[in-house]
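Step one of this worksheet: look at the structure below.
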Amino acid sequence: MLRAGIGMLGGMTRLLPTASVGFVGMVRDEESLVASTYANRLPIDLTGREVFVLDPMLATGGTLVTVINTLIDRGATASRRSACWQPRRPGQDR
């Protein structure tokens, strides 16, 4: 995810140094909670490509679902993975 996921990009590219990188920028309407795309820098055809979505701001999951649907529409493989940061409360063990 553009902006929010950029903080995770360096670590991911160290793990997968030959990976191609694309971006999707989304904004969620705070009243309707519907996500819309404002920037899409993905290849048109992702057929057969494995895709990782970096989105540290998981709330309702709606934006993540919208991005995954975009990837599916472009032919990304059915095996999808996302990396999200999950905040914990102070003192929380899990």
Side-chain angles (χ1 to χ4, degrees):
M1 301 292 285
L2 188 59
R3 295 184 328 168
I6 288 178
M8 302 170 73
L9 184 58
M12 197 65 166
T13 55
R14 281 192 291 282
L15 290 171
L16 302 167
T18 61
S20 298
V21 176
F23 295 95
V24 176
M26 305 212 62
V27 63
R28 185 179 68 184
D29 181 289
E30 294 303 321
E31 290 184 23
S32 69
L33 302 180
V34 174
S36 61
T37 303
Y38 66 84
N40 186 330
R41 304 296 180 263
L42 296 173
I44 297 298
D45 185 10
L46 293 170
T47 303
R49 297 179 76 172
E50 191 166 1
V51 176
F52 293 83
V53 178
L54 306 180
D55 181 8
M57 298 176 59
L58 183 64
T60 65
T63 301
L64 182 60
V65 168
T66 302
V67 170
I68 289 172
N69 287 334
T70 298
L71 297 171
I72 291 169
D73 290 346
R74 292 186 180 213
T77 59
S79 174
R80 295 172 299 280
R81 295 174 181 87
S82 63
C84 299
W85 288 333
Q86 294 295 327
R88 297 189 310 181
R89 291 183 214 118
Q92 183 179 359
D93 292 332
R94 296 182 190 193

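These values consider heavy atoms only, across backbone and side chains, with no hydrogens, waters or symmetry-generated copies. Count residues from 1 along the sequence.
In the hydrophobic clustering of ILVMFWY residues, with side-chain heavy atoms under 4.5 Å counting as a link, Val21 and Phe52 come out together.
Taken to the nearest 0.5 Å, the CG atom of Leu15 stands 8.5 Å off from the OG1 atom of Thr13.
The side-chain contact (heavy atoms from CB on, under 4.5 Å) check on Arg41 picks up Phe23, Ala39, with sequence neighbours excluded.
Within 6.0 Å of atom CD in Glu30, more than 12 heavy atoms from other residues, nucleotides or ligands are found, so the atom counts as buried in its surroundings.
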All N/O donor-acceptor pairs, side-chain side in residues 64-71, below 3.5 Å, sequence neighbours left out:
unit_1	atom_1	unit_2	atom_2	d
Thr66	OG1	Gly62	O	2.9
Asn69	ND2	Val65	O	3.3
Thr70	OG1	Thr66	O	3.1

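Partner of Arg74 under the side chain to side chain contact (heavy atoms under 4.5 Å, CB included) criterion, chosen from Asp45, Leu42, Thr47: Leu42.
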